[in-house]
Engineer: 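Shown below is the structure under consideration.
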Amino acid sequence: MRVLGVDPGLTRCGVGVVEGVAGRPLTMVGVGVVRTPADAELSHRLLAVEQGLEQWLDEHRPEFVAVERVFSQHNVSTVMGTAQASAVAMLCAARRGIPVALHTPSEVKAAVTGTGRADKAQVGAMVTRLLRLSAPPKPADAADALALAICHIWRAPAQNRLQQAVAEHTAHKTAQGTARRTAHATKGRTA
């Protein structure tokens, strides 16, 4: 499985591609940051994020895109920029038919470090160790993007099983309802 992790941001949008399957050693395919100038117009910054992400999608051809789920912060302008960059990432993936998964920061931290309260240094250290790198990726946005990809690879099998079970349960309930309606309609005609 090849996953592009995206740590959304307007000034620095972290990107990282990891390949592998749960339970096996993972491989970093690429890591970097899409940067935009803070003094540029918002529309131009979003366009730059889109163009940068499109280049990563062209070059690495991921099967999935994992994006950090935007959460409430005290600084509204930071939340807005993060949400806008997140939407651009989802749009780029959807345009290509690539499934998108959203993971919360605490979910990613827990998957990679074992605790949802880990700090950036702990996440960077574990990403370095898990991907057998010589040093933590810099800046932290890049390490966070790799952590998102790792989280998705490790959690995707369980999430897929859960989604399949829900779909089967829904299909079973629908079939039961159809059978009851058919039996009721047939009983009404014979009476």
Engineer: So do M28 and L133 actually touch side chain to side chain, heavy atoms under 4.5 Å?
Structural biologist: yes
Engineer: With a 4.5 Å cut-off on side-chain heavy-atom distances among I, L, V, M, F, W and Y, is there a chain of contacts connecting M90 to L47?
Structural biologist: no
Engineer: Roughly how far apart are I153 CD1 and R24 CZ, rounded to 0.5 Å?
Structural biologist: 13.5 Å
Engineer: Looking at side-chain heavy atoms only, is the closest gap between V3 and V65 below 4.5 Å?
Structural biologist: no
Engineer: Name all pairs fulfilling the ring pair (Phe, Tyr, Trp, His ring centres under 6.0 Å) condition that reach into residues 7-58, sequence neighbours left out, sorted by first residue then second.
Structural biologist: W56-H60
Engineer: On a heavy-atom basis, which atom in P137 and which in A142 lie closest, and how many Å separate them?
Structural biologist: CB-CB, 4.2 Å
Engineer: If we only count heavy atoms from C-beta on, is the L57 to R96 side-chain gap below 4.5 Å?
Structural biologist: yes
Engineer: How close do S86 and V70 get, heavy atom to heavy atom, and via which atoms?
Structural biologist: CB-CG2, 3.9 Å
Engineer: Do V33 and L4 share a hydrophobic cluster (ILVMFWY, side-chain heavy atoms under 4.5 Å, transitive)?
Structural biologist: no
Engineer: Are any non-hydrogen side-chain atoms of T113 and V123 less than 4.5 angstrom apart?
Structural biologist: yes
Engineer: Heavy atoms only: give me the nearest A143-G124 pair and the separation to one decimal.
Structural biologist: CB-CA, 4.2 Å
Engineer: Would you mind listing every side-chain hydrogen bond (donor to acceptor under 3.5 Å, both in side chains) that reaches into residues 117-126, with sequence neighbours excluded?
Structural biologist: K120-D144
Engineer: In Å, rounded to the nearest 0.5 Å, how long is the span from CE of M126 to CG of L146?
Structural biologist: 13.5 Å
Engineer: If we only count heavy atoms from C-beta on, is the C92 to V88 side-chain gap below 4.5 Å?
Structural biologist: yes
Engineer: Shortest non-hydrogen contact from M1 to A156?
Structural biologist: CE-CB, 3.9 Å
Engineer: Does any part of the side chain of L131, heavy atoms only, come nearer than 4.5 Å to the side chain of T27, both counted from C-beta?
Structural biologist: no
Engineer: With hydrophobic residues grouped by side-chain heavy-atom distances under 4.5 Å, do V6 and L91 end up in a single group?
Structural biologist: no
Engineer: Residues in salt bridge (Lys or Arg N to Asp or Glu O under 4.0 Å) with R95, at least two apart?
Structural biologist: E50, E54
Engineer: Just verifying a value: how many Å separate R132 CZ and L26 CG, rounded to the nearest 0.5 Å?
Structural biologist: 7.5 Å
Engineer: Which pairs with one or both residues in residues 74-85 pass salt bridge (Lys or Arg N to Asp or Glu O under 4.0 Å), sequence neighbours excluded?
Structural biologist: none
Engineer: Please table the atom pairs, donor to acceptor, closer than 3.5 Å between any side-chain atom in residues 9-23 and protein atoms at least two apart or in another chain.
Structural biologist:
| residue | atom | partner | partner atom | Å |
| --- | --- | --- | --- | --- |
| T11 | OG1 | R45 | NH2 | 2.8 |
| R12 | NE | D141 | OD2 | 2.6 |
| R12 | NH2 | D141 | OD2 | 3.3 |
| E19 | OE2 | R2 | NE | 2.9 |
| E19 | OE2 | R2 | NH2 | 3.1 |

Engineer: Hey, which of R69, H152, R155, E68 is the one that makes side chain to side chain donor-acceptor pair (under 3.5 Å) with H103?
Structural biologist: H152
Engineer: D39: which residues meet the side chain to side chain donor-acceptor pair (under 3.5 Å) condition with it, sequence neighbours left out?
Structural biologist: none
Engineer: Which atoms form the tightest heavy-atom contact between P62 and I98, and what is the distance?
Structural biologist: O-CD1, 3.8 Å
Engineer: Taking atom CD of Q84 and atom CE of M80, what is their separation to the nearest 0.5 Å?
Structural biologist: 5.0 Å
Engineer: Test V112 against V127 for side chain to side chain contact (heavy atoms under 4.5 Å, CB included), laying out the working first.
Structural biologist: CA-CA 7 Å; V112 174; V127 165; 4.2 Å; yes
Engineer: Between A48 and T36, what is the shortest heavy-atom contact and its length?
Structural biologist: CB-CG2, 3.7 Å
